[in-house]
Amino acid sequence: PQPGVAEIERLIRMTLSGMKVGPRIPWQDLSGAFVGLSAAQVVKVAQSAAKSVVLASQKTVEEQHFRDALAKARTGPTA
């Protein structure tokens, strides 16, 4: 079964436990955007958000990083 909103939030928080996460992330809304993905996909998107922060030489994962990573995951790789 696919994870629910509460499980998704826990998966994201656990995946990013070693990173600084923005204080104003709307966790319930953000987690709701992940509904329909498998647990592995949720973790992969969270890792992608974290990677984008590191590659941009930033220190904090913000809501937009998650949204961008989720959009990229849903549309697939670009050429």
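For the numbers below, each heavy atom of this structure counts, side chains included, while hydrogens, waters and symmetry mates do not.
- Considering every non-hydrogen atom in both Met19 and Val61, the closest pair reads CE-CG2, 3.9 Å.
- With values rounded to the nearest 0.5 angstrom, Ile25 atom CD1 is found 11.0 Å from Gln64 atom CD.
- Leu70 contributes atom CG, which lies 14.5 Å from atom NE2 of His65 (distance to the nearest 0.5 angstrom).
- Leu16 CG to Thr60 OG1: the interatomic distance, rounded to the nearest 0.5 Å, is 11.5 Å.
- Ala39 and Pro3 get closest at one heavy-atom pair: N-CD, 3.8 Å.
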Evaluation steps, side chain to side chain contact (heavy atoms under 4.5 Å, CB included), between Ile8 and Val35: CA-CA 8 Å; Ile8 290 169; Val35 170; 4.1 Å; yes
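- Leu55 shares a hydrophobic cluster with no other residue; no ILVMFWY side chain has heavy atoms under 4.5 Å from its own.
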Side chain to side chain contact (heavy atoms under 4.5 Å, CB included) assessment of Arg74 paired with Leu37: CA-CA 10 Å; Arg74 291 194 189 273; Leu37 298 179; 4.2 Å; yes
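- For Gln2 (side chain) and Ser38 (main-chain N/O), no donor-acceptor pair under 3.5 Å exists by modelled atom type.
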Pair Gln47-Val43, side chain to side chain contact (heavy atoms under 4.5 Å, CB included): steps then yes or no: CA-CA 6 Å; Gln47 289 172 337; Val43 169; 3.7 Å; yes
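- Nearest approach of Thr15 to Ala46, heavy atoms of both residues: CG2-CB, 3.8 Å.
- Residues Ala49 and Ala69 share a closest heavy-atom pair of N-CB, 3.8 Å.
- Between Val45 and Phe66 there is no side-chain heavy-atom pair separated by less than 4.5 Å.
- Here the side chain of Glu7 pairs a donor or acceptor atom with the backbone of Gly4 at under 3.5 angstrom.
- The shortest distance between side-chain heavy atoms of Arg13 and Val21 does not fall below 4.5 Å.
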From CA spacing to verdict: side chain to side chain contact (heavy atoms under 4.5 Å, CB included), Trp27, Ile12: CA-CA 10 Å; Trp27 287 105; Ile12 294 170; 3.6 Å; yes
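- A distance-only check finds no donor-acceptor pair linking the side chain of Ser31 to the backbone of Gln28 [under 3.5 Å].
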